[in-house]
Amino acid sequence: MTLRLYNTLTRQKEVFVPIDPSNVRMYVCGPTVYDFAHIGNARPAIVFDVLYRLLRHTYGADHVTYVRNITDVDDKINARALRDYPGMPLNEAIRHVTEKTYDQYQKDVTALGCLPPTVQPRATEHIKGMVEMIRTLVGRGHAYEAGGEVLFDVSSMKDYGALSGRKLEDQMAGARVAVDAHKKNPGDFVLWKQSSPEEPGWESPWGRGRPGWHIECSVMSKAHLGEVFDIHGGGLDLIFPHHENEIAQSRCAHGTSVMANYWMHNGFLQVEGQKMSKSLGNFYSIHELMGTDAFGGRPWSGDVLRTAMLMSHYRQPIDFTVPRLREAEAKLSKYREIALGAVGGGDSFNRIENALLDDLNTPLAFTLADSIYNDALDGKNWAIAELAKFLNLTGLADATSQNEAILAQRDLDFSLANDDLVEAKLSERLAARKAKDWKKSDEIRDQLAAMGVSIKDVKDPASGELKTEWEVKR
RNA sequence: GGUUCCGUGGCGGAAUGGCUACGCAGAGGACUGCAAAUCCUUGUAUGGGGGUUCGAUUCCCUCCGGAACCUCCA
């Protein structure tokens, strides 16, 4: 079975053929580090991590290069720096913002079970390359200087818009594109803009300034992967304008007919049926979900979040809800219980691997895992190996399950604090049961339930004596 | 207005030109004083209308409904 991927460029699934099997190259647009990553940002990180693992599995771990950039030059970062560190020199404040956000991002994606990419370049490390590429574009007649900016001239590229299926004329018909007086075309976009003395800036042939958003990815991908590479990924919303513009810049600068052969885009995530937004109050950072009670009144571990993501196909929308997370948690814990200790590999039927090879069909992989589960329960080794392989290939063996520890600790704290009280009530209830005073017995059960304690009546198998077990219900 | 995509049971979701998987929830039963837990059994779906076909949920057309993008939001 060969790897097949849906290619946004052609709008169909294609067999993946790498340019160089000894070095498969993938670039994914990473975060702009101005605020903590939210649950929507987690999706591309997870999806492309699964692809990365699959590529490593298929071509060998040393034969895949995965680049995920860090955008640390951006006007939103500047705004955040001014807001959070008033009075501090801007450049210093910016460093605070980007470092803090970057550190948290690394922690978040690690907890979600994502392997570190081969390289995580930062935009600020590549300013020189950006200036060079812009200079090339100007020299080749694809960019021009106007109104203190350097702009890409979209009319200079014949098939601009091929990725998104957009034609320049159609866009203009929409009449919602901002028209700036100094632009030749409304669709022209900024490559370089001048900075005021307070703003961050770098020297360039066009004065002290800073790069536009799109040029960063063109330069960083070129630096680490070359002019043409295999896979370029990101969220659905990046197709236009970001990826369209990256393609324009890279192809025009290098004179190539493609930038990347396969373009992949993950679908969006909604929270409880609504688009996630701060105004609706359904905006959750990864950090909040894992470390607080903000969503559903309890923390959710990285592996549960990862499972909940992978239960849907990456191109489908996901509705993120509490029942979904519960289902994910239940599913995962039953697989883990049986397969986590097992050594993956073994030559089993490879059905799960084939599902993943078919454009990352993770929901099918879960389905297969469910059907294999019963065989694994019966102790069949091939089934246990297949489940273990599934957990490894999807990164579920690596994601943190820290919240189990947190919840267990909570339960323990509760138990220690309430042990005497609960025991007293239980013996009272046992007496009532022996006296067949069901009313009183049920009342006590209700009281305990109200405290969050659920009970289980059992018989001692040896003596046949009545006993009651209890635990804290979450 | 333009571009792209999606409609399968209560929910999540797979697959297929020929009884529509699987999981969760639900229902019934066993057990229990009653519950819980556990075990056994089980009902329910391809948005509407055309077309191609022996046969369409699958392919084509159309309608309805929904989403994303056209605004430096993954």
Side-chain angles (χ1 to χ4, degrees), chain A residues 6 8 11 28-32 34-35 37-48 71 73-77 161 163-178 186-187 189-190 193 211-216 233-245 265-270 273 275-278 283 308 311-319 321 323-324 326-328 330-331 334 355 358 361-374 432-434 436-439 441-442 445-446 449 454-459 466 468-471 473:
Chain A
Y6 181 88
T8 306
R11 310 276 169 190
V28 175
C29 292
T32 300
Y34 73 103
D35 199 357
H38 56 70
I39 187 62
N41 299 120
R43 196 167 185 192
I46 292 170
V47 163
F48 292 106
T71 298
V73 186
D74 187 273
D75 286 355
K76 273 185 295 197
I77 296 173
L163 179 70
S164 57
R166 255 166 246 272
K167 291 177 186 142
L168 286 170
E169 310 86 70
D170 293 338
Q171 276 183 76
M172 286 173 222
R176 281 171 67 188
V177 183
F189 55 91
V190 173
K193 55 187 151 193
W213 178 39
H214 312 299
I215 194 74
E216 301 176 7
L236 200 61
D237 58 323
L238 295 181
I239 295 174
F240 191 93
H242 184 54
H243 289 165
E244 202 70 81
N245 292 349
H265 296 93
N266 62 273
F268 259 49
L269 174 147
Q270 297 193 315
K275 184 169 176 169
M276 184 164 55
S277 77
K278 284 183 177 159
F283 191 95
M311 273 161 45
S312 284
H313 189 261
Y314 76 93
R315 284 187 280 118
Q316 294 293 118
I318 288 184
D319 190 20
T321 60
R324 186 187 179 89
R326 282 192 207 285
E327 187 180 336
K331 227 181 244 294
K334 75 177 191 183
D358 184 14
N361 195 342
T362 53
L364 179 58
F366 273 101
T367 294
L368 293 169
D370 279 334
S371 71
I372 286 169
Y373 175 72
N374 287 328
R433 288 181 66 211
K434 280 177 176 160
K436 297 201 188 298
D437 185 351
W438 310 126
K439 187 169 175 247
S441 159
D442 291 349
R445 184 166 61 201
D446 290 344
S454 67
I455 60 175
K456 194 156 53 162
D457 290 331
V458 293
K459 271 184 190 164
L466 291 177
T468 308
E469 291 174 358
W470 66 284
E471 63 178 5
K473 203 178 70 193

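Within 3.5 Å, a donor on the side chain of A:T367 pairs with an acceptor on the base of B:rA21, or the reverse. One can find a donor-acceptor pair under 3.5 Å joining the base of B:rC34 and the side-chain atoms of A:R445.
Under 4.0 angstrom from either OP1 or OP2 of B:rC73 there lies at least one side-chain N or O belonging to A:K76. Neither OP1 nor OP2 of B:rU32 sits under 4.0 Å from any side-chain N or O of A:R433. Between A:N245 and the phosphate of B:rC72, there is no side-chain N or O to OP1/OP2 separation shorter than 4.0 Å.
Across all strands shown, A:H265 has no heavy atoms under 4.0 Å from either base or sugar-phosphate atoms. Base contact: A:K456 has a heavy atom under 4.0 Å from a base atom. If you check every strand for non-hydrogen atoms under 4.0 Å, A:L368 touches nothing. A:D237 comes within contact range of at least one nucleobase, with a heavy-atom separation under 4.0 Å. Among the atoms of the strands shown, none is found under 4.0 Å from any heavy atom of A:K434. Residue contacts shown for A:G40 include a base, since a base heavy atom lies under 4.0 Å away. Across all strands, A:R43 comes closer than 4.0 Å to no nucleic acid atom at all (heavy-atom distances). Among the protein residues, A:S312 comes within range of the sugar-phosphate backbone only, with heavy atoms under 4.0 Å from sugar or phosphate atoms but none that close to a base.
With pairs defined as Watson-Crick or G-U wobble and both atom distances under 3.5 Å, the stems of at least three pairs that touch RNA chain B come out as B:1-7 with B:64-70, B:10-12 with B:22-24, B:26-30 with B:38-42, B:47-51 with B:59-63.
Looking at which nucleotide of RNA chain B each of A:P317 and A:D442 is closest to, the 5′-most match is held by A:P317. Sequence order on RNA chain B of the closest nucleotides to A:S371 and A:T32 puts A:S371 first from the 5' end.
Across A:V73 and A:I77, no two heavy atoms sit closer than the pair N-CD1, 3.9 Å.
In the set B:rC70, B:rC6, B:rG23, the nucleotide with an atom closest to the side chain of A:Q316 is B:rC6. Set against B:rA74, B:rG33, B:rC5, the side chain of A:W438 has B:rG33 as its closest nucleotide. Candidate nucleotides B:rA36, B:rA35, B:rA14 were compared by shortest atom distance to the side chain of A:D457, and B:rA35 ranks first. The listed nucleotides are B:rG23, B:rC70, B:rA74; the one nearest the side chain of A:R166 is B:rC70. Of the candidates B:rG23, B:rC70, B:rA74, B:rA74 carries the atom nearest the A:L269 side chain, counting heavy atoms from C-beta on.
Residue-nucleotide stacking is not present for A:F366 and B:rG13, judged by a side-chain ring centre under 5.5 Å from the six-membered base ring centre and planes under 30° apart.
Remark: the separation of the P atoms in B:rG47 and B:rC6 is 14 Å, to the nearest Å. Nucleotides B:rA56 and B:rG49 have their P atoms positioned 13 Å apart, rounded to a whole Å.
If you measure from atom CD1 of A:I46 to atom P of B:rA74, you get 15 Å, rounded to the nearest angstrom. Atom-to-atom, OH of A:Y314 to P of B:rG12 comes out at 21 Å; the value is rounded to the nearest Å.
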*List the steps, then state whether side chain to side chain contact (heavy atoms under 4.5 Å, CB included) holds for A:D74 with A:E216.*
CA-CA 11 Å; A:D74 187 273; A:E216 301 176 7; 5.8 Å; no
